[in-house]
Colleague: 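My structure is below; once you've seen it, I'll send some questions.
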Amino acid sequence: MARHLITSALPYINGIKHLGNMVGSMLPADVYSRYLRQRGHDVLYICATDEHGTPAELAAKEQGLPVAEFCAQAHDAQKAVYDGFQLAFDYFGRSSSPENREITQHFARKLHENGFIEERAIRQVYSPADGRFLPDRYVEGTCPHCGYDKARGDQCENCTRVLDPTDLINPRSAISGSTDLEVRETKHLFLLQSKLENEVREWVARHDRDWPQLASSIAHKWLTEGLHDRAITRDLDWGVPVPADTWPELAAEGKVFYVWFDAPIEYIGATKEWADQDPDNRDWQSWWYDADETVRYTEFMAKDNVPFHTVMFPATELGVREPWKKVDYVKAFNWLTYYGGKFSTSQKRGVFTDQALDILPADYWRYFLIANAPESDDSSFTWEHFTATVNKDLADTLGNFVNRVLSFSKKRFGEEVPAGGEPGEAEARLGTEIARLLGEYEEHMEALQFRKAAAALRALWSAGNSYLEEKAPWLQIKTDKDAAALTLRTAMNLIHLYAVVSEPLIPSTAKAMREAFSLADDTATWVTADEAKALASVPAGTPFTVPPVLFAKLTDEDLAAYKERFGGEEG
């Protein structure tokens, strides 16, 4: 089987992420990883918190914490939420790790040796009161376009216009509030992307037929506009330091690498963190170095991250002139909106992942988000749509099927799977249909088409309900007890099949369905077409229990409460 390396865009350290962040990278990566593992592939799913950059320092300052302590606490808080969503990372690291520092500095030295990094003098805002140069976000003031008085030096959050610190009216230091600012000359390192443009263009062109349209179109747009040399250092206290053995002057000034230089390298760094926990049994380099023939690498991200992963990071890897693994497939997502408007971490607009888990268990959210993943276009979260999906698909189609089959069988036949007669024409038709639908589900999962995969899974669940309605064991029991027993045994085999194949989307529910049956040797990781047709994995006589309600139906009162708490108007 193939070896699959999977990464999702690193969540920034500053704050708990919203549902749009979850569905735009981490959740679909988890679903795909789980599916591949079940199919027998060797999978390594890597992610980490992205901990460097100005926002981390400012957030730490607001909380009165050293930035290292703030990031450690925030990492643990995010990891707890992802554990709650049952994201099955093989490793969830930190971009502030010693491993990432080591590899980032190695990349920088190699780029320098190969002529792709140079020092350049630029003019930058300096604060005498703070005794330091100020990065863009450390300068605040009034936006010259809309008059917003808390605009940052890189962008106005109110009108979204891109700014330069010198554009601001009445600029001040975000650290001290001082308005005594100067513009002075300082030096920074620049990655010479212009010298790598043709190589990046050729590399992207080789993936045109493989990548989804969203990913390739964004990459080509950036290449059409031309790759510009980009500053990759900043004046910050927190970050990967410029190595003194290569740039002693800049190191003495305390320069660190720009977060977008070291963050993608953390995919490699986090893999080394993982390996360093068990070095006798884990080889990080086999996943990343000279691994083109043995590893398939898939990245998951929202569209705003696509340029960095399809252009900037590949340029870095190409410029190093070493055989580092580059991405094979970029699964890009559009936006999930909240009632048509943007989710916003800073403005607290929308549902955040910790709040979601406070309301309902993870499987409710996992299923809804995958079934409505913003793949071909933006999709909108509304409470009306959420409650309707939960009630129709999860509570009625799946949950009710499981409950009524097991409850009815327990009532009429006891706590063992009944025997009944031999399968007939209806069971043969059902097996053929289940095998066909399972094939569709597999096809969509292999193609990373998550909405279609969820629809195929829902169709599998619906097929069980159609069979049950056709056979009507509550009527059969009155005239033909064996026929009713056969129907229920077949339906119980469907429940077990659902448990196995639903695990990538709803792992907790799948576990509960599977554990309903006391099978002595239940090691199945997937269901073959022949097994789907036979529907005989749970034999007669198998003890079973009726699990608690799998999915509670949401009421009008629930809907009203959600909208009152979070709002529910068009954005």
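Note: hydrogens, waters and symmetry copies are ignored here, and every other heavy atom, side chains too, is used.
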Colleague: Hey, what's the ring geometry for W288 with Y297, parallel, tilted or perpendicular (30° and 60° as the breaks)?
Modeller: perpendicular

Colleague: Any donor and acceptor pair, going by atom type alone, linking the side chain of D229 with main-chain N or O of S194 inside 3.5 Å?
Modeller: yes

Colleague: Could I get the full list of side chain to side chain donor-acceptor pair (under 3.5 Å) partners for Y258, not counting sequence neighbours?
Modeller: none

Colleague: Using ring centroids (six-membered ring only for Trp), state whether F308 and F313 fall under 6.0 Å.
Modeller: no

Colleague: Any side-chain heavy atom of D237 sitting closer than 4.5 Å to one from V67?
Modeller: no

Colleague: I'd like to know if K326 pairs up with D292 as an ion pair, taking the criterion as any Lys NZ or Arg NE/NH1/NH2 lying under 4.0 Å from an Asp or Glu carboxylate oxygen.
Modeller: no

Colleague: Verify the ring-centre separation between W324 and Y289: is it less than 6.0 angstrom?
Modeller: yes

Colleague: Taking the six-membered ring for Trp, are H309 and Y267 closer than 6.0 Å centroid to centroid?
Modeller: yes

Colleague: Between N14 and F70, is any pair of side-chain heavy atoms under 4.5 Å apart?
Modeller: yes

Colleague: Taking atom types as modelled and ignoring hydrogens, do the side chains of E446 and Y35 form a donor-acceptor contact shorter than 3.5 angstrom?
Modeller: yes

Colleague: State whether a side-chain donor-acceptor pair under 3.5 Å links H52 with Y12.
Modeller: no

Colleague: Flag the pair R94 and D50 as a salt bridge only when some basic side-chain nitrogen lies within less than 4.0 angstrom of an acidic carboxylate oxygen.
Modeller: no

Colleague: Would you compute the distance between atom CZ of F343 and atom OG1 of T337 and round it to the nearest 0.5 angstrom?
Modeller: 7.5 Å

Colleague: Please examine the side chains of E299 and V330, heavy atoms only from C-beta on, and report whether any two atoms are closer than 4.5 Å.
Modeller: yes

Colleague: Name the one of L44, I46, L36 that satisfies side-chain contact (heavy atoms from CB on, under 4.5 Å) with I6?
Modeller: L36

Colleague: Once rounded to the nearest 0.5 Å, what's the spacing between atom NE2 of H4 and atom OG of S33?
Modeller: 10.0 Å

Colleague: Is the NZ or CZ atom of K452 both under 6.0 Å from the centre of the six-membered ring of F450 and within 45° of that ring's axis?
Modeller: no

Colleague: Is there side-chain contact between R101 and P241, with heavy atoms separated by less than 4.5 Å?
Modeller: yes

Colleague: Tell me whether E199 is salt-bridged to R321, with the criterion being a basic N under 4.0 Å from an acidic carboxylate O.
Modeller: yes

Colleague: Among V125, L236, D154, which residue meets the side-chain contact (heavy atoms from CB on, under 4.5 Å) test with Y138?
Modeller: L236

Colleague: Quick test of your reading of the model: are K255 and D235 salt-bridged, counting only N-O distances below 4.0 Å?
Modeller: yes

Colleague: Look at R296 together with D42 and state whether they make a salt bridge at an N to O cut-off of under 4.0 Å.
Modeller: no

Colleague: Quick one about D208 and H220 (side-chain donor to acceptor, distance below 3.5 Å, no hydrogens or angles considered), yes or no?
Modeller: yes

Colleague: Between S8 and M26, which heavy-atom pair has the shortest distance, and what is it?
Modeller: OG-CG, 3.5 Å

Colleague: Can a salt bridge be assigned to the pair R37 and D90 using a cut-off of 4.0 Å between side-chain N and carboxylate O?
Modeller: yes

Colleague: Could you tell me whether the side chains of Q124 and H188 share a donor-acceptor contact shorter than 3.5 Å?
Modeller: yes

Colleague: Between D290 and K325, does any side-chain N to carboxylate O distance fall below 4.0 Å?
Modeller: no

Colleague: Main chain of N21, side chain of H18: is a donor-acceptor contact present, judged purely on distance under 3.5 Å?
Modeller: yes

Colleague: Could you check whether the rings of Y45 and F89 sit parallel, tilted or perpendicular, using 30° and 60° as the cut-offs?
Modeller: tilted

Colleague: Could you tell me whether E57 and K61 make a salt bridge, using a distance below 4.0 angstrom between a side-chain N and a carboxylate O?
Modeller: no

Colleague: Please name the pair of heavy atoms, one in Y82 and one in P11, separated by the smallest distance, quoted to 0.1 Å.
Modeller: OH-CB, 3.4 Å

Colleague: Thinking salt bridges, do D245 and R109 make one under a 4.0 Å N-O criterion?
Modeller: yes

Colleague: Return yes if a side-chain donor-acceptor contact under 3.5 Å exists between H112 and T246, otherwise no.
Modeller: no

Colleague: Just to verify, what does D304 make a side chain to side chain donor-acceptor pair (under 3.5 Å) with, not counting sequence neighbours?
Modeller: none

Colleague: Would you say that K187 contacts T233 through its side chain, given a criterion of any heavy-atom pair below 4.5 Å between the two side chains?
Modeller: no

Colleague: Could you check whether S173 and D130, counting side-chain N and O atoms only, form a donor-acceptor pair closer than 3.5 Å?
Modeller: yes

Colleague: Does either side chain, that of D180 or that of S178, offer a donor lying less than 3.5 Å from an acceptor on the other one?
Modeller: no

Colleague: Which is it for D136 and R234 under the salt bridge (charged side-chain N to carboxylate O under 4.0 Å, His left out) test, yes or no, and what are the steps along the way?
Modeller: CA-CA 9 Å; D136 296 351; R234 292 291 189 271; 5.3 Å; no

Colleague: Identify whether the distance between the nearest side-chain nitrogen and carboxylate oxygen of E197 and K195 falls below 4.0 Å.
Modeller: no

Colleague: Do the rings of W247 and F257 sit parallel, tilted or perpendicular, given the 30° and 60° boundaries?
Modeller: perpendicular

Colleague: Taking atom types as modelled, find out whether S286 and R3 have a side-chain donor-acceptor pair closer than 3.5 angstrom.
Modeller: yes

Colleague: For the pair N114 (side chain) and F116 (backbone), establish whether a donor and an acceptor sit closer than 3.5 Å, ignoring hydrogens and angles.
Modeller: no

Colleague: Identify the heavy atoms of A371 and A454 that sit nearest to each other, and give their distance.
Modeller: CA-CB, 3.6 Å

Colleague: Taking the side chain as C-beta and beyond, is there a heavy-atom pair between S95 and D262 under 4.5 Å?
Modeller: yes

Colleague: Hey, are the side chains of L250 and E119 touching, using non-hydrogen atoms and a 4.5 Å cut-off?
Modeller: yes

Colleague: Would you say Y32 and M445 make side-chain contact, with heavy atoms under 4.5 Å?
Modeller: no

